[in-house]
Number of protein chains: 2
Amino acid sequence: MMARVALEHAILVSLLEQPGSGYELARRFDRSIGRFWTATHQQIYRVLKRMEADGWVTAEEIDQDGRPDKRRYSVAAPGRSVLTTWLREPVQPESVRHELAVKIRGAAFDDAAGRAALLAEVERYRADHETTLHRYQTGEQRDFPDPGALDTGQRLQHVVLRGGIAYEQMVLAWLDDVLETLHGLGR
Amino acid sequence: MMARVALEHAILVSLLEQPGSGYELARRFDRSIGRFWTATHQQIYRVLKRMEADGWVTAEEIDQDGRPDKRRYSVAAPGRSVLTTWLREPVQPESVRHELAVKIRGAAFDDAAGRAALLAEVERYRADHETTLHRYQTGEQRDFPDPGALDTGQRLQHVVLRGGIAYEQMVLAWLDDVLETLHGLGR
DNA sequence: TCTTGATATGCAACTAGTTTCATAGCATGA
DNA sequence: TCATGCTATGAAACTAGTTGCATATCAAGA
């Protein structure tokens, strides 16, 4: 039993890369880690409590002046061994929840007004992905200016980021195809 | 409240395209619909019961000789109006759960043996995606041999399938990049 | 004959994830 | 001064999704 769990492992990786508070983790899940694993702050706080109780992570209270205190978490030895065990297990297929694709097929059962509304939504959605792509590309130039001079961890982070960039570029090209197809229905 | 729900909507679209039993839906979710929305047969049977109770779908008992009876579901008027309402709501960002990406970043905290094991997993994973791509391409040639002569529903299904193909091609190219990067760490 | 596998449906128990609400200090700008 | 927004954590209630088990028919092959 157990085996796929998942959020725990993403948190362990993130804390090994850089210890931090629940709040900081939530922001990372909105940014870098969130590219391939999403989580709300509620879930993160809950899972961190459980991981602390199980001895996978340790917490340190940090007084901050001007701001509320925070609890900085770090990975403990048992957490690290949980992670390495998990790393050697077979990779599960990625799971996709692509609402837009469902809506596009659903548009066949709506009228012209509905398809026009969908078209506008696709354009908004495209703009969001364009913003995301630019953010990734800016991050790449900032964090990996000299790809020849990276250590192991940085090279692995870089190849994952390149995956995010390739994904966004693919999505943008596909959305152009979708827009053209939706326009073509009207003719 | 309510609004994102989701599996219900994917089932409504699938049943509008073609009425069918829970079992048949589960197979479609393993194949075509499953490209962008996954669900187990348990979840599908449970949601179908609820949708039937809410009057979104109607069921018809079908006797089959040689096989167990089945219940064929069709979308009823209230279900159709639920769907069109949902179609006009803003599209939620797709949610990605990409375990492999977490493991790649995690590999920075494992030893050479762990990275070698990951490399083998990435190769197996790549073979799976190659199979998926071939299945999509075969399906495309079978279902859309003449892209000029398609009705609205088929054009929309086709553009979603092209998205699946573009996704698989992008994944394969990225996995080659990952393999090269993992090999490069050993040198 | 016996096993395996496909068709076909479902309950029960569990785990994961979301939403709503609450609290509290300080900074910034209108 | 007042509203807004960011930092920071959390409880409670709910919804969604997974896993394990159970059942039954029939076909195909060992």
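None of these values were measured; they are calculated from a predicted model. In what follows, chains are A, B, ... by sequence order, proteins preceding strands, each numbered from 1.
- The CG-P distance, from A:L25 to D:dG10, rounds to 13 Å in whole Å.
- Note: CD (A:E24) to C1' (D:dC6) measures 13 Å, nearest angstrom.
- Computed from coordinates, the B:H41 NE2 to C:dT7 C1' distance equals 12 Å when rounded to whole Å.
- For B:S21, no side-chain nitrogen or oxygen approaches OP1 or OP2 of C:dT7 to under 4.0 Å.
- At a threshold of 4.0 Å, the pair A:R124-A:D128 counts as salt-bridged, since one of the basic side-chain nitrogens sits closer than that to a carboxylate oxygen.
- Counting non-hydrogen atoms under 4.0 angstrom, A:R72 reaches nothing in the nucleic acid.
- Atom OG1 in B:T181 sits 8.5 Å away from atom CZ in A:R155 (nearest 0.5 Å).
- The NE2-C1' distance, from B:H9 to D:dA16, rounds to 14 Å in whole Å.
- Between A:F29 atom CZ and C:dG17 atom P there is a gap of 10 Å when expressed in whole angstrom units.
- Of the candidate nucleotides C:dG17, C:dA8, D:dG10, C:dG17 has the atom lying nearest to any side-chain atom of A:L7.
- Relative to the six-membered ring of B:W174, A:R162 misses at least one condition, a distance below 6.0 Å or an angle of at most 45° to the axis.
- Look at B:Y45 and you'll find a side-chain N or O under 4.0 angstrom from OP1 or OP2 of C:dT9.
- Residue B:Y23 places at least one side-chain N or O closer than 4.0 Å to OP1 or OP2 of C:dT7.
- The separation between B:Q92 atom CD and C:dT19 atom C1' is 13 Å, rounded to whole Å.
- Counting to the nearest Å, the P atom of D:dA8 and the CD1 atom of A:I62 are 11 Å from each other.
- Residue B:K49 has a polar side-chain atom (N or O) positioned under 4.0 Å from OP1 or OP2 of C:dG10.
- For A:Q43 and C:dA16, the shortest distance from a side-chain N or O to OP1 or OP2 is not below 4.0 Å.
- Per the geometry, CD belonging to A:E61 stands 13 Å off P belonging to D:dA8, to the nearest Å.
- In terms of position on DNA chain C, the residue among A:T40 and B:Q42 whose nearest nucleotide sits closer to the 5' end is B:Q42.
- With sequence neighbours left out, A:S81 forms a side-chain contact (heavy atoms from CB on, under 4.5 Å) with A:T84.
- Neither OP1 nor OP2 of D:dC6 sits under 4.0 Å from any side-chain N or O of A:R27.
- For B:R115, there are no salt bridge (Lys or Arg N to Asp or Glu O under 4.0 Å) partners, not counting sequence neighbours.
- Contact annotation for B:R46: base contact, defined as any heavy-atom pair under 4.0 Å involving a base atom.
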